[in-house]
Amino acid sequence: ATVIILDMILDFAPLMYVVCCFYVTALITNIIVSWRWYRQDRNNLLAFLAVTGFTLFLACDICTGVSYLSRTAVLPAVLFAPANFFAWAFYYPSQIFISNSSKCAKILTKGR
């Protein structure tokens with residue numbers, strides 16, 4: 001929060017880039033943690049789902065970044081449409097894998 005406020009005052013970088021740095025750091029941390037979990041127990045389906053989901057989510061976000069940068073003329077405009085397509089192609093499976101990788105216990109409904 002401090003860096004974002006300082007950026008708003010001092011304007012040392014576009015706010016989008018500052019926020020993205022924090023986001024990418026969090027995503028890469030999730031990938032590292034899930035990869036370590038998977039390496040510890042290769043037979044654990046939840047660990048496999050986590051590492052696969054976060055890797056697909058990284059691919060989605062890379063495509064989103066390419067789309068944004070092509071829209072702002074940093075990258076060629078021809079990359080905009082394919083980047084948008086692949087962002088959505090990676091997004092949905094990543095969410096399915098990540099949501100199914102939870103280590104939380106299943107909640108029993110009343111009456112069971």
Side-chain angles (χ1 to χ4, degrees):
T2 304
V3 173
I4 292 172
I5 292 169
L6 284 174
D7 180 57
M8 293 173 73
I9 295 169
L10 302 174
D11 196 31
F12 56 83
L15 187 58
M16 175 68 84
Y17 295 158
V18 174
V19 173
C20 284
C21 284
F22 289 112
Y23 176 77
V24 168
T25 302
L27 181 57
I28 290 174
T29 302
N30 280 318
I31 291 171
I32 291 169
V33 168
S34 63
W35 180 252
R36 286 182 180 170
W37 181 27
Y38 178 67
R39 275 195 355 221
Q40 287 176 350
D41 187 6
R42 292 198 184 267
N43 294 324
N44 187 338
L45 178 62
L46 299 179
F48 173 76
L49 292 173
V51 74
T52 303
F54 282 116
T55 302
L56 287 171
F57 202 43
L58 177 64
C60 166
D61 287 341
I62 288 170
C63 290
T64 303
V66 168
S67 172
Y68 173 77
L69 293 173
S70 66
R71 181 63 114 184
T72 58
V74 174
L75 293 176
V78 70
L79 297 175
F80 181 74
N84 283 335
F85 173 80
F86 284 109
W88 284 106
F90 290 129
Y91 179 76
Y92 185 68
S94 75
Q95 297 306 296
I96 297 297
F97 284 124
I98 291 169
S99 65
N100 284 307
S101 70
S102 174
K103 292 195 297 186
C104 295
K106 296 193 184 238
I107 299 172
L108 296 176
T109 59
K110 288 186 176 181
R112 284 191 178 189

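Linking Ile, Leu, Val, Met, Phe, Trp and Tyr residues whenever their side-chain heavy atoms come within less than 4.5 Å leaves Ile98 and Leu45 in two separate clusters. Side-chain heavy atoms closer than 4.5 Å link hydrophobic residues (I, L, V, M, F, W, Y) into clusters, and following such links, possibly through other members, connects Trp88 to Ile62. Hydrophobic clustering of Ile, Leu, Val, Met, Phe, Trp and Tyr side chains at less than 4.5 Å, counting indirect connections, unites Leu56 with Leu49. Hydrophobic clustering, with ILVMFWY side chains joined whenever heavy atoms are under 4.5 angstrom apart, keeps Val78 apart from Phe86. In the hydrophobic clustering of this structure, Phe54 groups with Tyr91; members are Ile, Leu, Val, Met, Phe, Trp, Tyr whose side-chain heavy atoms approach within less than 4.5 Å, directly or through other members.
A pairwise comparison of heavy atoms in Leu46 and Ser102 identifies CD1-O, 3.5 Å as the closest pair. Ser67 approaches Ala83 most closely through the heavy-atom pair N-CB, 3.7 Å. Scanning both residues, Ala50 and Ser101, for their nearest heavy atoms gives N-CB, 3.4 Å.
The distance from the SG atom of Cys63 to the CG atom of Leu79 is 10.0 Å, given to the nearest 0.5 Å. The CH2 atom of Trp35 sits 9.0 Å away from atom OG1 of Thr52, with the distance rounded to the nearest 0.5 Å. Here the straight-line distance linking atom CD of Gln40 with atom CH2 of Trp37 works out to 10.0 Å at 0.5 Å rounding. With rounding to the nearest 0.5 Å, the separation of OG1 in Thr72 from CZ in Phe80 is 10.5 Å. Here the straight-line distance linking atom CG of Asn30 with atom CG of Leu58 works out to 11.0 Å at 0.5 Å rounding.
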Problem set entry | Audit row: Phe97, Thr55, side chain to side chain contact (heavy atoms under 4.5 Å, CB included) steps and yes/no | CA-CA 10 Å; Phe97 284 124; Thr55 302; over 6 Å; no

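Proximity of Asp61 to Tyr23: side-chain heavy atoms (C-beta onward) are separated by under 4.5 Å at one or more points.
The closest donor-acceptor contact from the side chain of Thr64 to the backbone of Cys60 lies under 3.5 Å.
Under the 30°/60° scheme for interplanar angles, the aromatic rings of Tyr38 and Phe48 are found to be tilted.
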